[in-house]
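For reference, the structure is listed below as structure tokens.
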Amino acid sequence: MKKIIIILIFVIGVVSYSCTPDEYSVFDFDSNPSQVDSMELVPNSHILYADGVSELNIDIRAFDIVEVWRKEKVSLPDGSFTSKDSLYKEVYKVKNSRIAEDILFFKEDGTELPANAKISTTTVEDFKVYAQIGDVQSEMLQIDVREAFPVQPKLVIPVIFHVLESEGVTMEPSPAISTKYFQNELDKLNPIFSQRYVNASNGANANIEFKLALYAPDGTLLEEKGIDRQQTTLAGEDMQPALVENTWDTQKYMNIFVCTYPWESNGYRKFTKLAGVEPLPGLNFIAEVEADDELDLSIPENTGIIIGADGFGTNYFFALGATFDFLSEFGRYLGLKETRSEDYCSDTYTYGNDQSSVEFWIRNTDGFLFHPTNIMTAPSSQSVITAEQVERIRWVLENCPTHWAWKSDFAFTGTE
């Protein structure tokens, strides 16, 4: 038995040279494989909306302190070297599947919760939760329970992709920029904007559907559903006149340009708002207009979304498929900001560089661990829009006339 233990200790010693605290270390304990020293809770959020559907989900990070023997090189007075065995204490992340006992979750009052603390509620009452493995308990996690987010009226936004092919720019051998491609992208967005993808604890339903336009501004049926394809001799920043010329009525279409114009400008969007409406914090405004005023469409960055291939040579599709993030750019167009900095939403998290791509967690600026799921968080599963983000989106759609395409069905009927 002693021989076996020595072998295990040697194996553990070797592993310790290559593992970091964020990596899983799979090893065998001498007697009890569930000997856990401490643990941390990693929820999707500490906020839970009391609608009976939104679901709190908590994972754990468990650790053990293991005594590890290592051989160390020691210099002798005569200049030669020898080695000696030294005992170290190492902290290892324990893979959950290696824990023999069940991981139990409880409320502060001792009420046992379902596995992974999958909790929904209709009662607006804060509570605390903790996890337990054997005799080891985690710290308490405060859950902020909020009123159910109200159901929003459904809005359908007609989308037109202006594919402006510059002379000398080719889409081969990449897949074609086609109706099928754009429809597939909208099919990924729509379940998230209507909360059909996941019922996160801090998520909400924006109740928005993006649909490809069927008709051009002159009432004729489009040759390619959702696509206005044009040829141009312009490229790069010189394309701005072509973008302005091809901008369709923003109160009938959501304009998206696929071109060689630089795309980085999407992150610095400015908005046109209705006169007399209190500005939304965090948004920059280029103009204030009355509801029936003629809109200034001379700056395409402020009226639509640009998917620019500038800097990618002759391959549009490389920029489109490899670098363009539809979810975050649609979010910016609708007034959302990246959550890494101030985004004016209390149900999201600001965060730094303390994160693990192995275990998929980020530590926010208050030291709180969470699973990144928001569409404006990177890295993230990009599956959640929070309730306060929905409020921002709906504010922009109501109060910014350049975003009023949802008020018209012309793009689907070809008639006023």
I'd like to check the salt bridge (charged side-chain N to carboxylate O under 4.0 Å, His left out) partners of E224; sequence neighbours left out, ordered by chain and number. R229
Please say which of T121, D347, N202, T386 ends up in a side-chain hydrogen bond (donor to acceptor under 3.5 Å, both in side chains) with Y49. D347
Can T250 and T402 be counted as having a side-chain donor-acceptor contact under 3.5 angstrom? no
Under the ring pair (Phe, Tyr, Trp, His ring centres under 6.0 Å) test, which residues partner F193, sequence neighbours left out? F210
Would you check if there is a donor-acceptor pair between the side chains of T350 and T365 at a distance under 3.5 Å? yes
To check you understand the geometry: which heavy-atom pair defines the closest contact between Q251 and S408, and what is its length? O-CB, 3.5 Å
Please identify each residue that fulfils salt bridge (charged side-chain N to carboxylate O under 4.0 Å, His left out) with E185, with sequence neighbours left out. K188
Residue of the set Q389, E338, Q382 for which side-chain hydrogen bond (donor to acceptor under 3.5 Å, both in side chains) holds with N374: Q389
Results of ring pair (Phe, Tyr, Trp, His ring centres under 6.0 Å) for Y197 - residues two or more places apart only: none
Non-hydrogen atoms of T247 and L243 that approach each other most closely: OG1-O, 2.8 Å
Pairwise side-chain hydrogen bond (donor to acceptor under 3.5 Å, both in side chains) hits with a residue in residues 278-288, at least two apart: K273-E288
Residue pairs, two or more places apart or on separate chains, that pass ring pair (Phe, Tyr, Trp, His ring centres under 6.0 Å) and touch residues 374-398: none
Which heavy atom in A62 sits nearest to a heavy atom in I133, and how many Å separate them? CB-CD1, 4.3 Å
Which residue pairs pass the ring pair (Phe, Tyr, Trp, His ring centres under 6.0 Å) test when at least one of the two sits in residues 222-256, sequence neighbours left out? H162-W248, W248-Y253
In the structure I gave you, are the side-chain heavy atoms of I307 and F326 within less than 4.5 Å of one another anywhere? yes
Mind checking ring pair (Phe, Tyr, Trp, His ring centres under 6.0 Å) for F271 and listing every partner two or more places apart, or none if nothing turns up? H403
How far apart are the closest heavy atoms of P158 and V156, and which atoms are they? CD-O, 3.5 Å
Can you list the residues that meet the salt bridge (charged side-chain N to carboxylate O under 4.0 Å, His left out) rule with K337, with sequence neighbours excluded? none
Heavy-atom closest pair (L56 atom, I143 atom, distance to 0.1 Å) is CD2-CD1, 3.7 Å
If you measure from NZ on K107 to NZ on K128, what distance do you get to the nearest 0.5 Å? 14.0 Å
Any pair with a residue in residues 197-215 that passes salt bridge (Lys or Arg N to Asp or Glu O under 4.0 Å), sequence neighbours left out, goes on the list, sorted by first then second residue, please. K154-E209
Excluding sequence neighbours, so at least two apart, what forms salt bridge (charged side-chain N to carboxylate O under 4.0 Å, His left out) with D144? R146
With sequence neighbours excluded, what pairs up with F368 under the ring pair (Phe, Tyr, Trp, His ring centres under 6.0 Å) test? H46, Y349
Exercise: do E388 and T348 side chains pair donor with acceptor under 3.5 Å: no
For R340 and A378, which heavy atoms make the closest approach, and how far apart are they? NH2-O, 3.9 Å
